[in-house]
Amino acid sequence: MRDKVTRLFVVVAIAEAISWAGLLIGMAFKYGPPSNELGVRVFGPIHGALFLAYCVLALLTARAQRWRLLPTGLALASGVPPLATLAFKRWAGRRGMLNVDAPAREPTPVG
C-alpha cells in the first residue's frame, strides 16, 4: 500500500505541475490580446481537482513514508506556486523520501 500511495503521489505531482502550466497558458490567452477564456475554463477545474488530490496524497504519503513535519509542510506548500511540485518531488527523491520497494523479480532459469 505504501508503494502505491508513493507512486500515485509522484504521478499526481507531475500532473499538477502540467495543469499549472496549462492554466498559466490559459490565463495568458484570457488576459492577452486574443481574449479567449477557453483555456481557463478547461484547465481551471482540472487544476483544482489535481491540487486537491495532490494535497490529500501528500498527507497520505507523509504518513506512509513517516515524514517529519517540515517535509510534510513543504510538500503541501509546494502545491501553491506554479511548478513547485516538480521541485519538491526532485528534492524528496534525492533524499530518499520517495523510495518504493522494487518489485520482486522471479529468478531466470539457466540452461
Just verifying a value: how many Å separate Arg7 CZ and Arg2 CZ, rounded to the nearest 0.5 Å? 10.5 Å

Which atom names give the shortest non-hydrogen contact between Ala62 and Thr72, and what distance separates them? CB-OG1, 3.3 Å

Would you say that Trp67 contacts Thr61 through its side chain, given a criterion of any heavy-atom pair below 4.5 Å between the two side chains? yes

Side chains of Leu74 and Phe88: closer than 4.5 Å at any heavy-atom pair? yes

Measure the spacing between OH of Tyr54 and CG of Leu59 and express it to the nearest 0.5 Å. 10.0 Å

Do Met97 and Val56 land in one hydrophobic cluster if side-chain heavy atoms of ILVMFWY residues count as linked below 4.5 Å? yes

Interatomic distance, Leu86 atom CG to Ile18 atom CD1 [nearest 0.5 angstrom]: 7.5 Å

Which heavy-atom pair separates Ala84 from Ser78 by the least distance, and what is that distance? CB-O, 3.2 Å

Derivation of the side chain to side chain contact (heavy atoms under 4.5 Å, CB included) call for Gln65 and Leu98: CA-CA 7 Å; Gln65 294 284 348; Leu98 297 175; 5.6 Å; no

Minimum heavy-atom separation for Leu50 to Val12, with atom names? O-CG1, 3.9 Å

Residue list, side-chain hydrogen bond (donor to acceptor under 3.5 Å, both in side chains) with Ser19, at least two apart or on another chain: His47

Is there a continuous path of hydrophobic side-chain contacts, each under 4.5 Å between heavy atoms, that joins Ile14 to Val11? no

In the structure I gave you, are the side-chain heavy atoms of Trp20 and Thr85 within less than 4.5 Å of one another anywhere? no

Kindly compute the distance separating CZ (Phe43) from CG (Leu24), expressed to the nearest 0.5 Å. 10.5 Å

Atom NZ in Lys89, atom CZ in Phe9: separation rounded to 0.5 Å? 9.5 Å

Distance col, row Met1:CE vs Leu60:CG, nearest 0.5 angstrom, shows 7.5 Å

Would you name the heavy atoms of Asn99 and Gly96 that are closest together and state the gap between them? ND2-O, 3.2 Å

With the 4.5 Å side-chain cut-off for hydrophobic clustering, are Trp91 and Leu70 part of the same group? yes

Hydrophobic clustering (ILVMFWY, side-chain heavy atoms < 4.5 Å, transitive) - are Leu76 and Val80 grouped together? no

So if you build clusters from Ile, Leu, Val, Met, Phe, Trp, Tyr with side-chain heavy-atom gaps below 4.5 Å, do Leu23 and Ile46 land together? yes

